[in-house]
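Working notes, beginning with the structure itself.
Hydrogens, waters and symmetry mates are skipped; everything else that's a heavy atom, side chains included, is used.
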Amino acid sequence: MRIVITGANRGIGLELVRQYLAQGHSVHAGVRTPERSGELTALVGPSSGRLQLHACDVASDTSVRAFAAAVTEPVELLINNAGVRSRPDGLEGLDLDDVARTFQVNALGMLRVTSALLPLLRRAQGAKIANISSGLSSLHDNTSGGAYGYRMSKAALNMASRSLAQDLRGDGIVTVAISPGWVQTDMGGSDAPTPVAESVSGLIGVIARLTLEDSGGFFNFRGERLAW
Ligand code: NDP
């Protein structure tokens with residue numbers, strides 16, 4: 001498979017690259033700052049040409065357009081993984097600029113990248129789009145409040161996933177939102193229960209089993225359906 005992964009220089013994105021390369025796939029890895037992507041760059045040589053690293057700031061139209069132009073070949077799988085956590089917020093002292101910045105990356109970034117890569121996804125047979133969401137996006141499960149920017153941006157990503165699923169079904173493209181669980185990364189922190197390798201092998205298994213019937217769904221990394 002030819003796979004595109006955003007936010008690939010650390011955390012879940014980097015581990016997705018590692019595991020897909022180990023399975024023999026080819027990866028176009030998008031990173032915001034290539035010169036700060038040492039661990040990913042170290043994988044390029046041993047990949048024998050299967051890993052290509054590109055600049056891709058998902059918050060920038062110009063950067064995403066250049067990224068899509070550099071990929072050029074059909075894409076069987078797009079994983080919209082790049083994401084940011086908004087600043088800790090409460091109702092007092094809400095930082096709406098930070099909320100908007102979080103939206104720009106988590107919600108609009110996914111749509112920007114997907115739209116730019118659409119011709120390449122359509123050229124593949126039965127492509128898949130996996131949008132990395134979060135349990136915190138769930139309206140149903142929100143019993144603790146707060147995290148306005150993060151929750152709202154990931155709920156917007158979920159809604160866009162549903163629309164993409166409808167709009168791209170005729171092209172045979174499967175689109176889902178997937179939560180990776182609470183994972184030991186810079187974002188998840190060291191208290192998180194799930195090692196990154198376990199979350200990622202779960203995500204890869206769930207993505208591999210997706211069919212058109214699953215399109216528009218919201219899953220976790222164990223393949224269980226989540227409540228919106
Ligand atoms: P990290 O903070 O470890 O990594 C985030 C990645 O996103 C980095 O590679 C970062 O790049 C990249 N990124 C941020 N902004 C941009 C941008 N504008 N353009 C391109 N790349 C960008 O987080 P995780 O690996 O934990 O998170 C990956 C995904 O999983 C995110 O979407 C997150 O919301 C989601 N998630 C994570 C959970 C967890 O517990 N860890 C729980 C639920 C969801 P850079 O190094 O340049 O900042």
Side-chain angles (χ1 to χ4, degrees), residues 1-30 40 43 47 50-52 56 58 71 73-83 106 109-111 113-114 117-118 120-135 137-138 154 157-169 171-183 185 187-188 194-226 228:
M1 259 193 314
R2 283 153 300 192
I3 303 169
V4 169
I5 300 168
T6 62
N9 57 308
R10 58 191 170 98
I12 291 168
L14 178 63
E15 184 64 19
L16 282 165
V17 174
R18 281 205 186 99
Q19 293 196 20
Y20 276 122
L21 285 177
Q23 291 185 0
H25 300 291
S26 297
V27 179
H28 290 275
L40 182 65
L43 301 177
S47 78
R50 286 185 297 114
L51 173 60
Q52 293 184 52
C56 176
V58 304
V71 173
E73 51 186 0
V75 172
E76 277 93 15
L77 171 61
L78 164 62
I79 304 184
N80 285 300
N81 165 73
N106 293 358
M110 177 279 271
L111 206 50
V113 171
T114 303
L117 288 175
L118 210 44
L120 301 178
L121 289 159
R122 284 191 165 125
R123 273 171 50 198
Q125 293 299 313
K128 297 177 181 177
I129 302 170
N131 296 317
I132 303 299
S133 184
S134 164
S137 72
S138 171
K154 290 291 189 180
L157 172 141
N158 290 354
M159 181 57 90
S161 291
R162 291 282 287 186
S163 283
L164 287 166
Q166 301 309 324
D167 292 342
L168 300 178
R169 185 177 297 273
D171 294 305
I173 298 175
V174 177
T175 312
V176 294
I178 306 190
S179 164
W182 183 16
V183 189
T185 62
M187 186 184 292
T194 312
V196 67
E198 181 185 332
S199 167
V200 165
S201 67
L203 291 171
I204 287 176
V206 174
I207 291 168
R209 291 190 294 275
L210 290 173
T211 68
L212 260 187
E213 288 195 354
D214 301 310
S215 200
F218 181 23
F219 299 92
N220 66 15
F221 70 106
R222 298 194 173 92
E224 296 156 341
R225 276 190 186 267
L226 299 180
W228 297 108

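- Between the side chain of Asn81 and the main chain of Ile132, no donor-acceptor pair closer than 3.5 Å is present.
- Of the possible polar contacts, none joining the Arg123 side chain to the Glu73 backbone as a donor-acceptor pair under 3.5 Å is found.
- Proximity of a side-chain donor or acceptor of Arg50 to a complementary backbone N or O of Leu21 within less than 3.5 Å is detected.
- Checked by atom type and distance alone, the side chain of Arg2 never pairs as donor or acceptor with a backbone atom of Val75 at under 3.5 Å.
- Looking only at distances, no side-chain donor or acceptor of Ser133 sits under 3.5 Å from a matching main-chain atom of Ile178.
- Between Leu212 and Gly172 the shortest heavy-atom distance is CD2-C, 4.1 Å.
- Nearest heavy atom pair, residue Thr114 against residue Leu121, reads O-CD1, 4.3 Å.
- Considering all non-hydrogen atoms of both residues, Ala130 and Ile207 come closest at CB-CD1, 3.8 Å.
- In this structure, CE in Met187 is found 7.5 Å from CZ in Arg10, a value given to the nearest 0.5 Å.
- Residue Ser215 comes nearest to Val174 through the heavy atom pair OG-CA, 3.5 Å, listed as atom of the first residue, atom of the second, then distance.
- The structure places CG of Leu157 at 9.0 Å from CG of Leu111, a figure rounded to the nearest 0.5 Å.
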Checklist entry - Run the side chain to side chain contact (heavy atoms under 4.5 Å, CB included) check on Leu226 and Ser138 step by step: do they pass? => result CA-CA 8 Å; Leu226 299 180; Ser138 171; over 6 Å; no
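- Annotation for Gly83 and Asn106: closest pair CA-OD1, 3.2 Å, computed over non-hydrogen atoms.
- In this structure, the side chains of Leu78 and His28 stay at 4.5 Å or more apart for every pair of heavy atoms.
- With a 6.0 Å radius and a threshold of 12 heavy atoms from other residues, nucleotides or ligands, Glu224 has its CD atom above the threshold.
- Applying the side chain to side chain contact (heavy atoms under 4.5 Å, CB included) test between Val4 and each of Val71, Leu120, Val27 identifies Val71 as the sole match.
- Judged purely by atom type and a 3.5 angstrom limit, Ser199 has no side-chain atom pairing as donor or acceptor with the backbone of Thr194.
- Put simply, the side chain of Ser137 gets close to the backbone of Ser134: a donor and an acceptor are under 3.5 Å apart.
- One finds the OG1 atom of Thr185 at 11.5 Å from the CD atom of Glu15 (value rounded to the nearest 0.5 Å).
- Atoms CG and OH, from Leu51 and Tyr20 in turn, are 14.5 Å apart once rounded to the nearest 0.5 Å.
- Distance check, rounded to the nearest 0.5 Å: CD1 of Ile173 to CG of Leu168 gives 4.5 Å.
- Side-chain N or O atoms of Lys128 include none that pairs as donor or acceptor with a backbone N or O of Val176 at under 3.5 Å.
- Taking both residues in full, the closest heavy atoms of Ser179 and Gly135 are given as OG-N, 3.6 Å, listed atom of the first, atom of the second, then distance.
- A distance of 7.5 Å separates CD in Gln23 from CD1 in Ile3, rounded to the nearest 0.5 Å.
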